[in-house]
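Proteins come first, then strands; the chains are lettered A, B, ... in the order of their sequence lines, and each starts at number 1.
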Number of protein chains: 2
Amino acid sequence: MAKIKRNRNGTRKDVIIAKAAKLFREKGFSATSMRDLAEHVGVEAASLYNHISSKAEILQEICFKTANNFMSHIEEVDANPNKTAIEKIQEILRFHIKQMLDNYEEVYVSDREWKHLTDPYLSNMQSQRRAYRQRIASVIEEGIRKGEIKPIDAPTAVLIMLHAVSGIESWHRSKKKIAGEVLEDNMVQILVDGLRKQA
Amino acid sequence: MAKIKRNRNGTRKDVIIAKAAKLFREKGFSATSMRDLAEHVGVEAASLYNHISSKAEILQEICFKTANNFMSHIEEVDANPNKTAIEKIQEILRFHIKQMLDNYEEVYVSDREWKHLTDPYLSNMQSQRRAYRQRIASVIEEGIRKGEIKPIDAPTAVLIMLHAVSGIESWHRSKKKIAGEVLEDNMVQILVDGLRKQA
DNA sequence: AAATCACGCTAACAATTGTTAGCATTTTAT
DNA sequence: ATAAAATGCTAACAATTGTTAGCGTGATTT
(Lines give C-alpha, C1' and ligand atoms only; values in the text may rest on other atoms or scores of the structure.)
Protein backbone atom coordinates (compact mmCIF):
# COMPACT_ATOMS: atom_id res chain seq x y z
CA MET A 1 0.00 0.00 0.00
CA ALA A 2 2.53 2.53 1.09
CA LYS A 3 5.98 1.35 0.09
CA ILE A 4 7.28 0.70 -3.36
CA LYS A 5 10.27 -1.36 -4.34
CA ARG A 6 13.00 0.22 -6.44
CA ASN A 7 14.73 -1.36 -9.35
CA ARG A 8 17.56 0.24 -11.30
CA ASN A 9 18.03 -1.97 -14.29
CA GLY A 10 16.97 -5.52 -13.79
CA THR A 11 13.87 -7.12 -12.34
CA ARG A 12 12.62 -6.83 -8.79
CA LYS A 13 13.71 -10.41 -8.39
CA ASP A 14 17.26 -9.27 -9.06
CA VAL A 15 16.99 -6.71 -6.30
CA ILE A 16 15.81 -9.35 -3.87
CA ILE A 17 18.59 -11.73 -4.84
CA ALA A 18 21.23 -9.04 -4.50
CA LYS A 19 20.04 -8.10 -1.02
CA ALA A 20 19.81 -11.75 -0.11
CA ALA A 21 23.39 -12.34 -1.22
CA LYS A 22 24.52 -9.55 1.07
CA LEU A 23 22.66 -10.98 4.04
CA PHE A 24 23.65 -14.56 3.32
CA ARG A 25 27.26 -13.45 3.29
CA GLU A 26 26.99 -11.52 6.53
CA LYS A 27 24.95 -13.98 8.56
CA GLY A 28 24.85 -17.19 6.58
CA PHE A 29 21.92 -18.73 4.75
CA SER A 30 20.33 -20.43 7.74
CA ALA A 31 20.64 -17.47 10.04
CA THR A 32 18.97 -15.13 7.55
CA SER A 33 15.19 -15.07 7.83
CA MET A 34 12.75 -14.06 5.14
CA ARG A 35 11.49 -11.28 7.39
CA ASP A 36 15.05 -10.10 7.74
CA LEU A 37 15.45 -10.05 3.99
CA ALA A 38 12.07 -8.38 3.49
CA GLU A 39 13.03 -5.59 5.83
CA HIS A 40 16.18 -4.85 3.89
CA VAL A 41 14.25 -4.87 0.65
CA GLY A 42 11.70 -2.51 2.18
CA VAL A 43 8.68 -4.76 2.00
CA GLU A 44 6.73 -7.29 4.07
CA ALA A 45 7.92 -10.88 4.08
CA ALA A 46 4.89 -12.23 2.27
CA SER A 47 5.41 -9.81 -0.59
CA LEU A 48 8.69 -11.44 -1.49
CA TYR A 49 6.74 -14.43 -2.73
CA ASN A 50 5.34 -12.42 -5.60
CA HIS A 51 8.86 -12.53 -7.05
CA ILE A 52 10.50 -15.69 -5.81
CA SER A 53 9.02 -19.05 -5.01
CA SER A 54 11.05 -19.98 -1.94
CA LYS A 55 14.08 -19.14 0.14
CA ALA A 56 15.79 -22.15 -1.37
CA GLU A 57 15.31 -20.77 -4.86
CA ILE A 58 17.27 -17.65 -3.97
CA LEU A 59 20.25 -19.72 -2.94
CA GLN A 60 19.96 -21.82 -6.07
CA GLU A 61 20.04 -18.80 -8.33
CA ILE A 62 23.06 -17.36 -6.59
CA CYS A 63 25.00 -20.60 -6.63
CA PHE A 64 24.30 -21.72 -10.17
CA LYS A 65 24.76 -18.33 -11.75
CA THR A 66 28.18 -18.09 -10.14
CA ALA A 67 29.13 -21.66 -10.94
CA ASN A 68 28.19 -21.24 -14.60
CA ASN A 69 30.18 -18.07 -14.73
CA PHE A 70 33.36 -19.82 -13.60
CA MET A 71 32.71 -22.83 -15.73
CA SER A 72 32.35 -20.84 -18.94
CA HIS A 73 35.49 -18.94 -18.19
CA ILE A 74 37.66 -21.97 -17.68
CA GLU A 75 36.33 -23.52 -20.87
CA GLU A 76 37.30 -20.42 -22.76
CA VAL A 77 40.78 -20.33 -21.26
CA ASP A 78 41.39 -24.00 -21.69
CA ALA A 79 40.33 -23.99 -25.34
CA ASN A 80 43.33 -21.92 -26.39
CA PRO A 81 46.20 -24.25 -27.31
CA ASN A 82 48.80 -21.49 -27.55
CA LYS A 83 48.92 -20.72 -23.85
CA THR A 84 51.35 -22.31 -21.46
CA ALA A 85 50.00 -24.02 -18.38
CA ILE A 86 51.36 -21.27 -16.18
CA GLU A 87 49.60 -18.67 -18.29
CA LYS A 88 46.35 -20.58 -18.01
CA ILE A 89 46.71 -20.87 -14.26
CA GLN A 90 47.44 -17.18 -14.00
CA GLU A 91 44.38 -16.32 -16.02
CA ILE A 92 42.17 -18.53 -13.93
CA LEU A 93 43.59 -17.02 -10.77
CA ARG A 94 43.10 -13.49 -12.00
CA PHE A 95 39.55 -14.23 -13.02
CA HIS A 96 38.78 -15.62 -9.57
CA ILE A 97 40.29 -12.62 -7.91
CA LYS A 98 38.40 -10.18 -10.12
CA GLN A 99 35.16 -12.01 -9.49
CA MET A 100 35.85 -11.92 -5.79
CA LEU A 101 36.37 -8.17 -6.02
CA ASP A 102 33.48 -7.31 -8.35
CA ASN A 103 30.79 -9.81 -7.38
CA TYR A 104 31.93 -10.32 -3.86
CA GLU A 105 28.64 -11.16 -2.20
CA GLU A 106 27.44 -13.73 -4.68
CA VAL A 107 30.77 -15.41 -5.21
CA TYR A 108 31.36 -15.66 -1.51
CA VAL A 109 27.91 -17.01 -0.78
CA SER A 110 28.12 -19.50 -3.57
CA ASP A 111 31.41 -20.75 -2.17
CA ARG A 112 30.39 -20.95 1.48
CA GLU A 113 26.70 -21.68 1.52
CA TRP A 114 26.14 -24.17 -1.29
CA LYS A 115 25.94 -26.93 1.30
CA HIS A 116 22.49 -25.67 2.18
CA LEU A 117 21.13 -26.51 -1.25
CA THR A 118 18.67 -29.38 -1.22
CA ASP A 119 18.96 -32.47 -3.13
CA PRO A 120 18.43 -32.25 -6.82
CA TYR A 121 20.48 -29.06 -6.72
CA LEU A 122 22.90 -30.18 -4.06
CA SER A 123 24.16 -33.17 -6.03
CA ASN A 124 24.29 -31.12 -9.17
CA MET A 125 26.42 -28.48 -7.49
CA GLN A 126 28.70 -31.08 -5.97
CA SER A 127 29.51 -32.57 -9.33
CA GLN A 128 29.93 -29.16 -10.93
CA ARG A 129 32.43 -28.23 -8.29
CA ARG A 130 34.24 -31.50 -8.63
CA ALA A 131 34.38 -31.09 -12.41
CA TYR A 132 35.70 -27.57 -12.08
CA ARG A 133 38.50 -28.55 -9.74
CA GLN A 134 39.33 -31.43 -12.01
CA ARG A 135 39.77 -29.12 -14.96
CA ILE A 136 42.21 -26.96 -13.06
CA ALA A 137 44.05 -30.05 -11.87
CA SER A 138 44.39 -31.15 -15.49
CA VAL A 139 45.94 -27.86 -16.46
CA ILE A 140 48.44 -28.25 -13.65
CA GLU A 141 49.25 -31.82 -14.61
CA GLU A 142 49.77 -30.71 -18.16
CA GLY A 143 52.17 -28.08 -16.85
CA ILE A 144 54.04 -30.69 -14.85
CA ARG A 145 54.41 -32.93 -17.89
CA LYS A 146 55.76 -30.06 -19.94
CA GLY A 147 58.19 -29.12 -17.20
CA GLU A 148 56.70 -25.70 -16.49
CA ILE A 149 55.39 -26.62 -13.08
CA LYS A 150 57.03 -28.41 -10.17
CA PRO A 151 56.05 -32.05 -9.75
CA ILE A 152 53.62 -31.48 -6.90
CA ASP A 153 50.28 -33.11 -6.18
CA ALA A 154 47.87 -31.34 -8.50
CA PRO A 155 44.72 -31.61 -6.34
CA THR A 156 46.65 -30.07 -3.47
CA ALA A 157 47.71 -27.18 -5.66
CA VAL A 158 44.10 -26.64 -6.75
CA LEU A 159 42.96 -26.65 -3.17
CA ILE A 160 45.52 -24.02 -2.25
CA MET A 161 44.69 -21.80 -5.20
CA LEU A 162 40.96 -21.82 -4.73
CA HIS A 163 40.97 -21.34 -1.00
CA ALA A 164 43.64 -18.69 -1.11
CA VAL A 165 41.41 -16.68 -3.39
CA SER A 166 38.41 -17.07 -1.14
CA GLY A 167 40.50 -15.39 1.54
CA ILE A 168 39.86 -12.10 -0.21
CA GLU A 169 36.96 -11.95 2.17
CA SER A 170 39.31 -10.67 4.85
CA TRP A 171 40.71 -8.11 2.43
CA HIS A 172 37.19 -6.75 2.10
CA ARG A 173 36.88 -6.46 5.84
CA SER A 174 40.26 -4.83 6.20
CA LYS A 175 40.54 -1.17 7.13
CA LYS A 176 43.67 -0.28 5.21
CA LYS A 177 43.02 -1.98 1.91
CA ILE A 178 45.65 -2.04 -0.78
CA ALA A 179 44.27 -1.48 -4.28
CA GLY A 180 42.52 -4.34 -6.04
CA GLU A 181 45.11 -4.60 -8.81
CA VAL A 182 47.94 -4.66 -6.31
CA LEU A 183 46.18 -7.40 -4.40
CA GLU A 184 45.76 -9.34 -7.61
CA ASP A 185 49.42 -9.05 -8.57
CA ASN A 186 50.57 -9.99 -5.09
CA MET A 187 48.39 -13.05 -4.95
CA VAL A 188 49.38 -14.33 -8.35
CA GLN A 189 53.03 -13.76 -7.62
CA ILE A 190 52.93 -15.53 -4.28
CA LEU A 191 51.04 -18.50 -5.61
CA VAL A 192 53.10 -18.87 -8.75
CA ASP A 193 56.54 -18.06 -7.39
CA GLY A 194 56.20 -18.49 -3.64
CA LEU A 195 57.21 -16.41 -0.69
CA ARG A 196 60.90 -17.15 -0.69
CA LYS A 197 63.21 -14.74 -2.44
CA GLN A 198 65.53 -15.85 -5.21
CA ALA A 199 64.95 -19.63 -4.94
CA MET B 1 15.82 -43.48 32.48
CA ALA B 2 16.86 -45.95 29.86
CA LYS B 3 19.80 -44.54 27.97
CA ILE B 4 23.19 -43.73 29.35
CA LYS B 5 25.78 -41.45 27.84
CA ARG B 6 29.25 -42.80 27.24
CA ASN B 7 32.44 -41.04 28.04
CA ARG B 8 35.87 -42.38 27.20
CA ASN B 9 38.26 -40.10 28.99
CA GLY B 10 36.93 -36.65 29.56
CA THR B 11 33.66 -35.33 30.89
CA ARG B 12 30.23 -35.79 29.34
CA LYS B 13 30.43 -32.17 28.35
CA ASP B 14 33.42 -33.05 26.21
CA VAL B 15 31.40 -35.69 24.43
CA ILE B 16 28.66 -33.20 23.69
CA ILE B 17 31.11 -30.63 22.39
CA ALA B 18 32.83 -33.14 20.17
CA LYS B 19 29.54 -34.25 18.63
CA ALA B 20 28.49 -30.65 18.27
CA ALA B 21 31.70 -29.80 16.46
CA LYS B 22 31.00 -32.56 13.98
CA LEU B 23 27.47 -31.35 13.33
CA PHE B 24 28.44 -27.68 13.21
CA ARG B 25 31.00 -28.55 10.57
CA GLU B 26 28.58 -30.58 8.49
CA LYS B 27 25.55 -28.32 8.64
CA GLY B 28 26.72 -25.08 10.18
CA PHE B 29 25.95 -23.68 13.61
CA SER B 30 22.58 -22.16 12.77
CA ALA B 31 21.31 -25.16 10.87
CA THR B 32 22.14 -27.52 13.74
CA SER B 33 19.35 -27.84 16.29
CA MET B 34 19.69 -28.93 19.86
CA ARG B 35 17.36 -31.85 19.16
CA ASP B 36 19.63 -32.81 16.32
CA LEU B 37 22.63 -32.72 18.58
CA ALA B 38 20.80 -34.58 21.32
CA GLU B 39 19.92 -37.39 18.96
CA HIS B 40 23.54 -37.86 17.96
CA VAL B 41 24.57 -37.88 21.59
CA GLY B 42 21.85 -40.44 22.32
CA VAL B 43 19.77 -38.41 24.71
CA GLU B 44 16.78 -36.05 24.78
CA ALA B 45 17.37 -32.40 24.02
CA ALA B 46 16.53 -31.21 27.50
CA SER B 47 19.12 -33.51 29.01
CA LEU B 48 21.93 -31.66 27.30
CA TYR B 49 21.29 -28.79 29.66
CA ASN B 50 22.56 -30.80 32.58
CA HIS B 51 26.01 -30.41 31.04
CA ILE B 52 26.02 -27.19 29.07
CA SER B 53 24.22 -23.94 29.69
CA SER B 54 23.32 -22.98 26.15
CA LYS B 55 23.93 -23.66 22.49
CA ALA B 56 26.01 -20.52 22.36
CA GLU B 57 28.31 -21.82 25.07
CA ILE B 58 29.20 -24.83 22.94
CA LEU B 59 30.36 -22.60 20.11
CA GLN B 60 32.29 -20.44 22.53
CA GLU B 61 34.18 -23.39 23.94
CA ILE B 62 35.06 -24.67 20.50
CA CYS B 63 36.22 -21.31 19.21
CA PHE B 64 38.25 -20.15 22.17
CA LYS B 65 39.92 -23.46 22.82
CA THR B 66 41.10 -23.51 19.22
CA ALA B 67 42.11 -19.87 19.18
CA ASN B 68 44.16 -20.25 22.35
CA ASN B 69 45.83 -23.26 20.90
CA PHE B 70 47.06 -21.35 17.86
CA MET B 71 47.97 -18.32 19.87
CA SER B 72 50.20 -20.25 22.29
CA HIS B 73 51.92 -21.96 19.42
CA ILE B 74 52.82 -18.80 17.57
CA GLU B 75 54.14 -17.26 20.76
CA GLU B 76 56.37 -20.23 21.27
CA VAL B 77 57.66 -20.14 17.69
CA ASP B 78 58.16 -16.42 17.66
CA ALA B 79 60.08 -16.38 20.91
CA ASN B 80 63.04 -18.20 19.38
CA PRO B 81 65.51 -15.66 18.00
CA ASN B 82 67.63 -18.25 16.19
CA LYS B 83 65.06 -19.12 13.56
CA THR B 84 64.89 -17.44 10.18
CA ALA B 85 61.60 -15.91 9.11
CA ILE B 86 61.11 -18.64 6.52
CA GLU B 87 61.63 -21.28 9.18
CA LYS B 88 59.08 -19.61 11.41
CA ILE B 89 56.57 -19.41 8.59
CA GLN B 90 57.12 -23.05 7.78
CA GLU B 91 56.57 -24.04 11.38
CA ILE B 92 53.40 -22.04 11.61
CA LEU B 93 52.16 -23.55 8.39
CA ARG B 94 52.95 -27.08 9.48
CA PHE B 95 51.22 -26.52 12.79
CA HIS B 96 48.10 -25.30 11.04
CA ILE B 97 48.11 -28.25 8.70
CA LYS B 98 48.59 -30.73 11.53
CA GLN B 99 45.79 -29.13 13.52
CA MET B 100 43.57 -29.29 10.49
CA LEU B 101 44.35 -32.98 10.16
CA ASP B 102 44.13 -33.95 13.82
CA ASN B 103 41.43 -31.67 15.20
CA TYR B 104 39.60 -31.19 11.96
CA GLU B 105 36.08 -30.61 13.27
CA GLU B 106 36.91 -28.06 15.91
CA VAL B 107 39.46 -26.13 13.88
CA TYR B 108 37.15 -25.96 10.92
CA VAL B 109 34.17 -24.86 12.98
CA SER B 110 36.19 -22.28 14.82
CA ASP B 111 37.33 -20.87 11.48
CA ARG B 112 33.97 -20.83 9.72
CA GLU B 113 31.37 -20.33 12.43
CA TRP B 114 32.88 -17.82 14.83
CA LYS B 115 30.67 -15.15 13.28
CA HIS B 116 27.76 -16.66 15.16
CA LEU B 117 29.27 -15.83 18.52
CA THR B 118 27.41 -13.12 20.38
CA ASP B 119 28.79 -9.96 21.57
CA PRO B 120 31.12 -10.10 24.46
CA TYR B 121 32.66 -13.16 22.80
CA LEU B 122 32.31 -11.97 19.25
CA SER B 123 34.41 -8.85 19.77
CA ASN B 124 36.91 -10.81 21.77
CA MET B 125 37.30 -13.34 18.98
CA GLN B 126 37.59 -10.64 16.36
CA SER B 127 40.50 -9.01 18.10
CA GLN B 128 42.16 -12.32 18.81
CA ARG B 129 42.00 -13.17 15.13
CA ARG B 130 43.28 -9.77 14.16
CA ALA B 131 46.15 -10.08 16.61
CA TYR B 132 47.02 -13.51 15.33
CA ARG B 133 47.17 -12.43 11.70
CA GLN B 134 49.20 -9.42 12.74
CA ARG B 135 51.80 -11.62 14.37
CA ILE B 136 52.24 -13.66 11.23
CA ALA B 137 52.42 -10.50 9.16
CA SER B 138 55.22 -9.26 11.42
CA VAL B 139 57.20 -12.42 10.85
CA ILE B 140 56.82 -11.95 7.12
CA GLU B 141 57.84 -8.32 7.29
CA GLU B 142 60.87 -9.28 9.32
CA GLY B 143 61.71 -11.77 6.57
CA ILE B 144 61.35 -9.11 3.93
CA ARG B 145 63.67 -6.75 5.80
CA LYS B 146 66.27 -9.47 6.13
CA GLY B 147 66.00 -10.33 2.45
CA GLU B 148 64.69 -13.85 2.98
CA ILE B 149 61.23 -13.12 1.63
CA LYS B 150 60.13 -11.32 -1.50
CA PRO B 151 58.91 -7.76 -0.98
CA ILE B 152 55.21 -8.58 -1.18
CA ASP B 153 52.31 -7.19 0.82
CA ALA B 154 52.48 -9.06 4.12
CA PRO B 155 48.74 -9.05 4.93
CA THR B 156 48.06 -10.54 1.53
CA ALA B 157 50.56 -13.28 2.17
CA VAL B 158 48.94 -14.04 5.51
CA LEU B 159 45.54 -14.20 3.92
CA ILE B 160 46.80 -16.68 1.34
CA MET B 161 48.53 -18.87 3.91
CA LEU B 162 45.66 -19.12 6.30
CA HIS B 163 42.98 -19.70 3.74
CA ALA B 164 45.05 -22.16 1.78
CA VAL B 165 45.31 -24.25 4.91
CA SER B 166 41.61 -24.14 5.57
CA GLY B 167 41.19 -25.74 2.16
CA ILE B 168 42.25 -29.01 3.74
CA GLU B 169 38.55 -29.41 4.22
CA SER B 170 38.28 -30.61 0.64
CA TRP B 171 41.15 -33.00 1.20
CA HIS B 172 39.08 -34.58 3.95
CA ARG B 173 36.14 -34.98 1.63
CA SER B 174 38.30 -36.40 -1.14
CA LYS B 175 38.06 -40.06 -2.09
CA LYS B 176 41.64 -40.68 -3.11
CA LYS B 177 43.49 -38.93 -0.32
CA ILE B 178 47.25 -38.63 -0.37
CA ALA B 179 48.90 -39.19 3.00
CA GLY B 180 48.79 -36.41 5.56
CA GLU B 181 52.57 -35.90 5.58
CA VAL B 182 52.68 -35.71 1.82
CA LEU B 183 49.91 -33.15 1.87
CA GLU B 184 51.83 -31.16 4.42
CA ASP B 185 55.03 -31.18 2.40
CA ASN B 186 53.23 -30.26 -0.79
CA MET B 187 51.44 -27.36 0.79
CA VAL B 188 54.51 -25.93 2.43
CA GLN B 189 56.49 -26.26 -0.76
CA ILE B 190 53.87 -24.61 -2.92
CA LEU B 191 53.38 -21.73 -0.54
CA VAL B 192 57.05 -21.13 0.12
CA ASP B 193 58.44 -21.75 -3.35
CA GLY B 194 55.43 -21.46 -5.64
CA LEU B 195 54.11 -23.54 -8.45
CA ARG B 196 56.57 -22.56 -11.14
CA LYS B 197 59.57 -24.74 -11.71
CA GLN B 198 63.09 -23.36 -11.45
CA ALA B 199 62.19 -19.65 -11.39
C1' DA C 1 20.54 -46.63 55.92
C1' DA C 2 19.89 -41.99 54.82
C1' DA C 3 20.82 -38.12 52.33
C1' DT C 4 22.75 -35.95 48.38
C1' DC C 5 23.92 -35.54 43.89
C1' DA C 6 24.18 -36.50 38.85
C1' DC C 7 21.58 -37.11 35.09
C1' DG C 8 17.87 -38.75 32.38
C1' DC C 9 12.93 -38.16 31.16
C1' DT C 10 8.24 -35.80 29.65
C1' DA C 11 5.74 -31.68 28.92
C1' DA C 12 5.48 -27.35 27.98
C1' DC C 13 6.70 -22.33 26.96
C1' DA C 14 7.18 -18.34 23.92
C1' DA C 15 9.49 -16.94 19.90
C1' DT C 16 10.65 -17.51 15.31
C1' DT C 17 10.61 -20.02 11.09
C1' DG C 18 8.98 -20.41 5.84
C1' DT C 19 4.95 -20.04 3.50
C1' DT C 20 -0.08 -19.48 1.91
C1' DA C 21 -4.72 -17.31 1.43
C1' DG C 22 -7.34 -13.57 0.47
C1' DC C 23 -7.86 -8.93 -0.48
C1' DA C 24 -6.59 -4.09 -1.94
C1' DT C 25 -4.06 -1.12 -4.87
C1' DT C 26 -1.17 0.35 -8.50
C1' DT C 27 0.72 -0.35 -13.11
C1' DT C 28 0.40 -1.89 -17.72
C1' DA C 29 -1.99 -3.27 -21.90
C1' DT C 30 -6.12 -3.00 -24.76
C1' DA D 1 -11.63 3.98 -20.00
C1' DT D 2 -11.43 -0.72 -18.96
C1' DA D 3 -9.63 -5.04 -18.28
C1' DA D 4 -5.69 -7.60 -16.81
C1' DA D 5 -1.58 -8.24 -14.60
C1' DA D 6 1.68 -7.13 -11.06
C1' DT D 7 2.59 -6.26 -6.56
C1' DG D 8 1.73 -4.92 -1.96
C1' DC D 9 -0.69 -5.70 2.54
C1' DT D 10 -2.63 -8.22 6.89
C1' DA D 11 -3.54 -12.46 9.13
C1' DA D 12 -2.76 -16.75 9.85
C1' DC D 13 -0.87 -21.65 9.57
C1' DA D 14 1.96 -25.51 11.19
C1' DA D 15 6.52 -26.64 12.25
C1' DT D 16 10.63 -25.87 14.55
C1' DT D 17 13.53 -23.26 17.54
C1' DG D 18 16.20 -22.85 22.33
C1' DT D 19 15.18 -23.43 26.86
C1' DT D 20 12.92 -24.24 31.58
C1' DA D 21 10.22 -26.71 35.15
C1' DG D 22 9.41 -30.59 37.58
C1' DC D 23 9.90 -35.30 38.45
C1' DG D 24 12.13 -39.85 38.94
C1' DT D 25 15.92 -43.06 39.23
C1' DG D 26 20.35 -44.61 40.06
C1' DA D 27 24.87 -43.76 41.96
C1' DT D 28 27.72 -41.71 45.51
C1' DT D 29 28.64 -39.93 49.92
C1' DT D 30 27.91 -39.62 54.84
Side-chain angles (χ1 to χ4, degrees), chain A residues 1-21 23-24 26-63 109 113 115-119 121-122, chain B residues 1-21 23-24 26-63 109 113 115-119 121-122:
Chain A
M1 228 218 276
K3 298 175 182 175
I4 314 174
K5 222 157 46 15
R6 292 280 300 106
N7 125 32
R8 202 175 42 83
N9 66 18
T11 71
R12 306 234 218 267
K13 185 169 177 174
D14 293 338
V15 176
I16 293 175
I17 291 181
K19 289 281 183 190
L23 290 173
F24 291 173
E26 288 170 0
K27 324 177 39 168
F29 174 77
S30 296
T32 303
S33 75
M34 293 302 277
R35 285 166 180 82
D36 219 357
L37 171 56
E39 195 176 346
H40 280 81
V41 171
V43 99
E44 290 299 316
S47 307
L48 296 172
Y49 289 83
N50 287 320
H51 306 282
I52 51 121
S53 69
S54 68
K55 188 186 180 188
E57 192 211 15
I58 302 179
L59 186 60
Q60 288 154 24
E61 301 239 358
I62 294 174
C63 290
V109 167
E113 304 291 324
K115 285 185 190 179
H116 295 102
L117 291 169
T118 46
D119 209 351
Y121 305 96
L122 179 59
Chain B
M1 228 221 276
K3 298 174 181 176
I4 314 175
K5 226 161 39 14
R6 293 282 299 107
N7 125 30
R8 203 175 40 84
N9 67 17
T11 71
R12 306 235 218 268
K13 185 169 177 174
D14 293 337
V15 176
I16 292 175
I17 291 180
K19 289 279 183 191
L23 289 173
F24 290 174
E26 288 171 0
K27 325 177 36 168
F29 175 76
S30 295
T32 303
S33 76
M34 294 302 276
R35 285 167 180 83
D36 219 357
L37 171 56
E39 194 176 345
H40 280 81
V41 171
V43 100
E44 290 299 316
S47 307
L48 296 172
Y49 290 83
N50 286 320
H51 306 281
I52 51 121
S53 70
S54 68
K55 187 186 180 188
E57 193 212 15
I58 302 179
L59 186 61
Q60 289 154 25
E61 301 240 358
I62 294 174
C63 290
V109 167
E113 305 291 324
K115 286 185 189 177
H116 295 101
L117 291 169
T118 47
D119 210 349
Y121 304 96
L122 179 59

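Between A:Phe24 and A:Ile58, the closest side-chain pair of non-hydrogen atoms falls below 4.5 Å.
Of all non-hydrogen atoms in A:Asp36 and A:Ala31, the two that sit nearest each other are OD2-O, 4.5 Å. Looking at every heavy atom in both residues, A:Lys19 comes nearest to A:His40 through CE-O, 3.6 Å. For the pair A:Glu113 and A:Phe29, the tightest heavy-atom approach, listed with the atom from each and the gap, is OE1-N, 3.0 Å. Listed here is the closest heavy atom pair of B:Val109 and B:Ile62: CG1-CG2, 4.0 Å. When every heavy atom of B:Thr32 is checked against every heavy atom of B:Lys55, the shortest pair comes out as O-NZ, 2.8 Å.
Checking the phosphate oxygens (OP1, OP2) of D:dA6, no side-chain nitrogen or oxygen of A:His51 falls inside 4.0 Å. The phosphate of D:dT7 has neither OP1 nor OP2 within less than 4.0 Å of any side-chain N or O from A:Ser47.
Note: CZ (A:Arg12) to C1' (D:dA5) measures 12 Å, nearest angstrom. We find that CD of B:Glu44 is positioned 18 Å from P of D:dG24, with the value rounded to whole Å.
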For nucleotides 11-21 of chain C, read 5' to 3', which letter fits each nucleotide if B means a protein heavy atom sits under 4.0 Å from the base, S means only the sugar-phosphate is that close, and - means neither? BB----BBBB-
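For the helix from C:dA1-D:dT30 to C:dT30-D:dA1, the rotation axes defined at the first and last 5 base pairs enclose an angle of 20°, given to the nearest 10°.
Proximity of a side-chain donor or acceptor of A:His116 to a complementary backbone N or O of A:Ala56 within less than 3.5 Å is not detected.
Side-chain proximity of A:Asn50 to C:dT10, C:dG8, D:dT7: nearest is D:dT7.
Considering A:Leu23, A:Ile17, A:Ile52 as possible partners of A:Leu37, the one that fulfils the side-chain contact (heavy atoms from CB on, under 4.5 Å) test is A:Leu23.
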